[in-house]
Amino acid sequence: MLPKYLLLPLALLAAACHSDAPAATTVAHTSPDPAAAAEYGPRVAELAAQRTALAARYRQARTAAQKAAVLQQARQLLVASLDTVIWPAWYGTPWAFYGTTQQPQQNSIACGYFVTTTLRDAGLRLNRVALAKTTSEKLIQNLTDEAHIRRYRLVPQRSFVAQMQQLGDGLYIVGLDFHVGFCG
């Protein structure tokens, strides 16, 4: 069984993110959730308020252990918010090579825009458009240190999935030749 975070990029890949065709397609493996999409703005705002509260607690922390505990809560909030609030709202949003929507279930979205938009909505400060237009490798290099980047070339899919599973818990961005998505 693949981790559930791997299913999303594979579903997007199956939806033709690697295609040069500009026609829109729909991600078939995920059912749209109109309620999640309708509640998206308020729920993203609620997450921002939670991050603001964590930032205040971090500033008030006096010891390294207190600061580390707040950082751990922030990491957990990031992953949980993507998994339970942000990604479900986007399920079923049409994919298109030139899709740039910022709202789930409205218009279409390309894989790079999906990654950068959802990370932005989860609280990362980034240049959504510039990163979405770049190669997956450059996008990843802009989001993490080189020490955290793993490169796989000419690796069979089964071996790649096994190696990803061995990385352990976490949120990973996976870049393929003509695709980028999440894994964790």
Whether Thr84 side chain and Ala80 backbone form a donor-acceptor pair below 3.5 Å: yes
Student check: side-chain heavy atoms of Leu126 and Asn142 closer than 4.5 Å: no
Exam field: side chain Asp33 to backbone Ala35, donor-acceptor pair closer than 3.5 Å: yes
Side chain to side chain, Pro34 and Gln105, heavy atoms closer than 4.5 Å: no
Carboxylate-amine/guanidinium proximity below 4.0 Å for Arg151 and Glu146: yes
CA sep, side-chain torsions, deciding dist, call: Leu119, Leu143, side-chain contact (heavy atoms from CB on, under 4.5 Å): CA-CA 10 Å; Leu119 287 176; Leu143 295 173; 3.7 Å; yes
Any side-chain heavy-atom pair of Leu71 and Tyr58 under 4.5 Å: yes
Any side-chain heavy-atom pair of Ile140 and Glu137 under 4.5 Å: no
Heavy-atom pair of closest approach, residues Pro104 and Ala89: CB-O, 3.0 Å
Considering all heavy atoms, the nearest Gln106-Thr101 contact: O-OG1, 2.9 Å
Residues Arg57 and Gln73: side-chain donor-acceptor under 3.5 angstrom: yes
Note, Val70 side chain near Lys67 side chain (heavy atom, < 4.5 Å): no
Smallest separation among heavy atoms of Ser136 and Val180, with atom names: CB-CB, 3.9 Å
Minimum side-chain heavy-atom gap Val85-Asp121 below 4.5 Å: no
Closest non-hydrogen atom pair, Phe97 against Ala110: O-CB, 3.4 Å
ring-ring contact (aromatic ring centres under 6.0 Å, His included) contacts in which one or both residues fall within residues 119-154, not counting sequence neighbours: Tyr152-Phe160
Close side-chain approach of Thr118 to Trp87, heavy-atom, < 4.5 Å: yes
Heavy-atom side-chain contact between Asn107 and Ile109 under 4.5 Å: no
side-chain hydrogen bond (donor to acceptor under 3.5 Å, both in side chains) against Gln102, all qualifying residues, sequence neighbours excluded: Arg120
Shortest non-hydrogen contact between Ile149 and Gln141, atoms and distance: CD1-CG, 3.7 Å
Tyr172 OH to Leu167 CG distance, which is reported to the nearest 0.5 Å: 4.5 Å
Under 3.5 Å donor-acceptor, Arg51 side chain and Ala122 backbone: yes
Donor-acceptor contact below 3.5 Å, side chain Gln66 vs main chain Arg62: yes
Gap between atom CH2 of Trp95 and atom OG of Ser108 - 0.5 Å precision: 9.0 Å
Chi angles and distances behind the side-chain contact (heavy atoms from CB on, under 4.5 Å) call for Phe182, Val174: CA-CA 6 Å; Phe182 292 101; Val174 178; over 6 Å; no
Tyr113 side chain vs Lys133 backbone, donor-acceptor pair below 3.5 Å: no
Backbone of Leu78 reached by a side-chain donor or acceptor of Ser81 within 3.5 Å: yes
Geometric class of the Phe114/Trp90 ring pair [parallel <30°, tilted 30-60°, perpendicular >60°]: perpendicular
